[in-house]
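Throughout, a chain's letter reflects where its sequence line sits, starting with A, and its residues are numbered from 1. Please read all numbers here as calculations on a predicted model, not as lab measurements. Just the heavy atoms: all of them, side chains too, but no hydrogens, waters or symmetry mates, feed the values below.
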Amino acid sequence: MSGAAPEPRETQKTGDRRAARTVRDRRATQVVPGSGQSAWLTLLTAAAMAFLCVFALALALAADRLADRWQAALAQTATVRIAAPAGQIEEQTAIVLEVLATTPGVQSARVIGEDEQAALLEPWFGPDLPMDALTLPRLVEVIEAPGGVDSMGLRLRLAAEAPGAILDDHTRWRRPLIEGAARLRLLALASIGLIGGVTAAMVTLAAMAALATNARVIAVLRLVGARDSFIARAFVRRFTLRTLIGAAAGVALGMVALWAMPAAQDGAGLLTGIGLRGIEWLYPLAIPPVAALVAWAATRVAAFRVLREVT
Amino acid sequence: MSGAAPEPRETQKTGDRRAARTVRDRRATQVVPGSGQSAWLTLLTAAAMAFLCVFALALALAADRLADRWQAALAQTATVRIAAPAGQIEEQTAIVLEVLATTPGVQSARVIGEDEQAALLEPWFGPDLPMDALTLPRLVEVIEAPGGVDSMGLRLRLAAEAPGAILDDHTRWRRPLIEGAARLRLLALASIGLIGGVTAAMVTLAAMAALATNARVIAVLRLVGARDSFIARAFVRRFTLRTLIGAAAGVALGMVALWAMPAAQDGAGLLTGIGLRGIEWLYPLAIPPVAALVAWAATRVAAFRVLREVT
Amino acid sequence: MIELDGVAHSYGGTELFSDVSLSMGQGSFHFLTGPSGAGKTTLLKLCYGELQPRSGDVRLFGESRRKMGRNDLARARQRIGVVHQDCQFLDHLPVRENVALPLIASQRPVPEGDLDDLLGWVGLSAQADALPPTLSGGERQRAALARAVMTSPEVLLADEPTGNLDWDMSVRLLSLLIELNRMGTAVLIATHDLNLIRTAKSQISARVLRIAGRRMQLAGADL
Amino acid sequence: MIELDGVAHSYGGTELFSDVSLSMGQGSFHFLTGPSGAGKTTLLKLCYGELQPRSGDVRLFGESRRKMGRNDLARARQRIGVVHQDCQFLDHLPVRENVALPLIASQRPVPEGDLDDLLGWVGLSAQADALPPTLSGGERQRAALARAVMTSPEVLLADEPTGNLDWDMSVRLLSLLIELNRMGTAVLIATHDLNLIRTAKSQISARVLRIAGRRMQLAGADL
Ligand SMILES: Nc1ncnc2c1ncn2[C@@H]1O[C@H](COP(=O)(O)OP(=O)(O)OP(=O)(O)O)[C@@H](O)[C@H]1O
Ligand SMILES: Nc1ncnc2c1ncn2[C@@H]1O[C@H](COP(=O)(O)OP(=O)(O)OP(=O)(O)O)[C@@H](O)[C@H]1O
Ligand SMILES: [Mg+2]
Ligand SMILES: [Mg+2]
């Protein structure tokens, strides 16, 4: 930015030069009036947008987490259901476990006990279901290794070796849920993009409005021999700072609001899952610098466009 | 607003007077410069805020709908589970149906057929469950009347008359879901409130910035003998119109975006349920007038505050 | 029509002038001189009600300034024409509409013919549709004078109306003001140009006031 | 130092003037007169590079205006002092900093002692910390002149610098300019005030240029 700025005439040590630079920056800022309302406008815009952005980010992260959970809970597990006459159940179960043990991609397999099975049925039949009186199929839970299992191959092997065993890889259940989570995540990311775009547009417009308001100041400065970079620096510095402060305030407010929200309950996980966890609390901290960068670029472009119209 | 405005000197018919009024308004507007950037800023702010508001509204409506659905699906139904030795099932079922028929608050009761029951079990046992081989409890679905059923009384009556029957009013399932939906609705309403507040603040600040920019124009107008109401009218009219147009554009965009979103699927109803249905498509149309009203009030207050500082 | 009665004014610090009295009746003609910074513009601002006097009383058309509301003031200003020292215009409107602005702002009809005549008299016919920022310094002053006389005001206050004008144009404008004065308008001109005052005094009976050293006195013989 | 060579200019429509040549060397002193709207301010704008000539060539310190970039122009302006007809200031900075603005804007050190002396000479010591909007018309012109001479420029261009000043103050400022001129500064003053030109000619040898009817000629004998 200051590549073309004239260096002070005397040779100085680097420390002095930095001090001189700061003084020059302050001087450059002072030649532009503070302009009360438009300063607040920029601050408020940045704060409001950062606040909304924190929420959109939390939503995206929650959607992400949800998708991951479903991925983990459903995509990585499968069930083998063994329905056979009472006498053959034990035998076929043993065969199935053997087959699974030699199938690549299967991390572990485990027979679901009667208690667990009763728990699964509870919603529909109540806790006092007479398990003894029922001839339920045996269920084997298969936990897949990260790579996943070749379902088709496994299905064929099972059909050959244990005719009563049927593999259910939960595809039916998985697809709509994964799709739903992906769509929610997309929505959240789109809002972040929208918020970012609108923020950039608003900061640009606010900067251009400020520059238009200060057209006379710019003309006077050019007339007394100020360089473009000197004039631009004043505006750019001010708008970047304002956006940074506004965004920081908005992020802080947003994080406090998120933190104050009731903790997530598993009962309605999706709805109350909006919130940040662990390392995620650091993510919103990226918003103010990014916003400041956007403001810096926007103001610079706006400033040089306005300056080009002044001789 | 124009109570104090001087009437044209000649007496006129009412129609003429209205025409004169429009001409006067146009004249009043012309004496204030258009100020390109700040006009766009107001338009864009209004549009962005209206756009976000449409989404927040859709979210609130979806949460509302969801809560209603759960209310309807869970709160209004209960299940009576009859577990008894094979011989007594039919008898006890008949008793239960009789009891239910005479219980106040029960709209209808219906035995869930075997097919339906199999469908409920399918997730866990697969489609080829040998229903005949199982001695499953009989399930009776109870649909409650709007007032609801006195669960405790019904439970006692059932215990006395059909010892194998157990009432499950789904309380366990209902509460977290209802709570979740309520919280989502609250979140959406809070966003609407936040968006409204921020919009009002931004329009006020934009108006004040425009007024500050035009301080000279205001001073010149006062010096040549213009009344406060004449000067204020120019600004108020302009900002109200801009906000109205911007909000209308934002609402239109938001509605198009909602309409273009993939239709809700029941598989992941909650996630894709964000959208408008039937009469709800009319609700967002209230946003532009409300925004314009907010802008009108904000600009009026700002204009008279600035005018008070000019003699 | 405008009366100042024992008026004093100060901007915060020391008093600019004190105990100034002045009465502008119908058909009166005053010049106001004094060194730069003496308070000529301030006195004019008191006359058209932009400033409130610290002490003493200012009456506009018989009404005390202190008792006037904002709308009363606006109405009084519609009867006063003012040429400001820094001629300010609405930069987005052409000269023509700027000259007609007092009529537009008070929602009176604009007599287009009179407007054209007036623009011709001050030599701005060619610039009628130009925007004020493109005017030369002298053209601005002429446009400001045209704006002030456009409403045929009962009082005309002109602050240094010829500072950027050549002598011929100054005399031309002076004759316009004298013409107005003969038709009854009370005129007050603040100026540094003693030649202008001398020229005027040769045509009409004008009183010359001088502010200096916190007081105002009649200056006549020394001109 | 500034040379105009067969310059013509027009704002869109008809030509204001054509074939104007002027050479301001070290220690030269020019007056520029002509009726209002003749193009005096326009000529000055050509001299400090705000406008590009339609035809002909303008050279600032030996460099052709057409070949100068924006930063070259800024550097050239740091060597030229200009008093604009509409003295514009930064309204949020006190007079003191406004006068020192050319130094601040080009990031040169501000000699506070010289600044005080200069403010004293133009009679603005009392207004040093006032904001420009509170200045009187004459005070603005004096501040503008102080700002123009603050950098000890090699060329000084003044557009109607005494339009709002009384005679004594005008002469005082003229003597400041003559002083500068004697130290080598090239001076060009656009003015309507023929008395001022006469007074100056009695002290130094100044050339008087007159623009009228699209041409510029030397006017001397008729003053
Ligand atoms: N708003 C203000 N606040 C403070 N001081 C002011 C204000 N307006 C004017 N002054 C000061 O009051 C004094 C008189 O100002 P005024 O404009 O009346 O002078 P003037 O006689 O018109 O001078 P000139 O001939 O230069 O125009 C000046 O010194 C000026 O600095
Ligand atoms: N930016 C512009 N666009 C169009 N026309 C302009 C522009 N600037 C000046 N003019 C016109 O050019 C003519 C000369 O203007 P200029 O300011 O040079 O006159 P001047 O000699 O300085 O007059 P004065 O003595 O009144 O200040 C005027 O008629 C003016 O209206
Ligand atoms: Mg004055
Ligand atoms: Mg000029």
Which bit of Asn164(D) comes within less than 4.5 Å of chain C, counting heavy atoms only: side chain, backbone, both or neither?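 Both the backbone and the side chain of Asn164(D) come within 4.5 Å of chain C.
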Of Leu156(D), Ile189(D), Leu173(D), the residue whose pairing with Pro161(D) passes side chain to side chain contact (heavy atoms under 4.5 Å, CB included): Ile189(D)
Just one of Leu174(C), Leu176(C), Leu180(C) clears the side chain to side chain contact (heavy atoms under 4.5 Å, CB included) bar with Ile178(C), so which one? Leu174(C)
Can you list the residues of residues 130-141 of chain D that sit under 4.5 Å from chain C, counting heavy atoms only?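 Ser136(D), Gly137(D), Gly138(D), Glu139(D), listed by number.
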Spell out the residues in residues 29-51 of chain D that have some non-hydrogen atom less than 4.5 Å away from a non-hydrogen atom of chain C, in order of number; otherwise answer 'none'. Pro35(D), Ser36(D), Gly37(D)
Would you say that Arg79(C) contacts Thr151(C) through its side chain, given a criterion of any heavy-atom pair below 4.5 Å between the two side chains? no
So, Arg96(C) and Asp116(C), do they make that salt bridge, N to O below 4.0 Å?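 Yes, this pair counts.
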Residues that Arg70(C) engages under salt bridge (Lys or Arg N to Asp or Glu O under 4.0 Å), provided they are two or more places apart: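 Only Asp228(B) meet the salt bridge (Lys or Arg N to Asp or Glu O under 4.0 Å) criterion with Arg70(C).
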Do the side chain of Arg65(D) and the main chain of Val58(D) share a donor and acceptor less than 3.5 angstrom apart?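 Checking the backbone N and O of Val58(D) against the side chain of Arg65(D), no donor-acceptor pair under 3.5 Å is found.
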Any idea which heavy atoms bring Leu22(D) and Leu209(D) closest together, and the distance? CD1-CD1, 3.5 Å
CZ on Arg142(C) to CZ on Arg172(C), rounded to 0.5 Å: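 The CZ atom of Arg142(C) is 9.5 Å from CZ of Arg172(C), to the nearest 0.5 Å.
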Toward chain D, the part of Asn195(C) with a non-hydrogen atom under 4.5 Å: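 Interface part for Asn195(C): side chain.
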Do Asp86(C) and Gln88(C) have a side chain donor and acceptor closer than 3.5 Å? yes
Who passes side-chain contact (heavy atoms from CB on, under 4.5 Å) against Ser152(D), sequence neighbours left out?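 Partners of Ser152(D) by the side-chain contact (heavy atoms from CB on, under 4.5 Å) criterion come out as none, since no residue qualifies.
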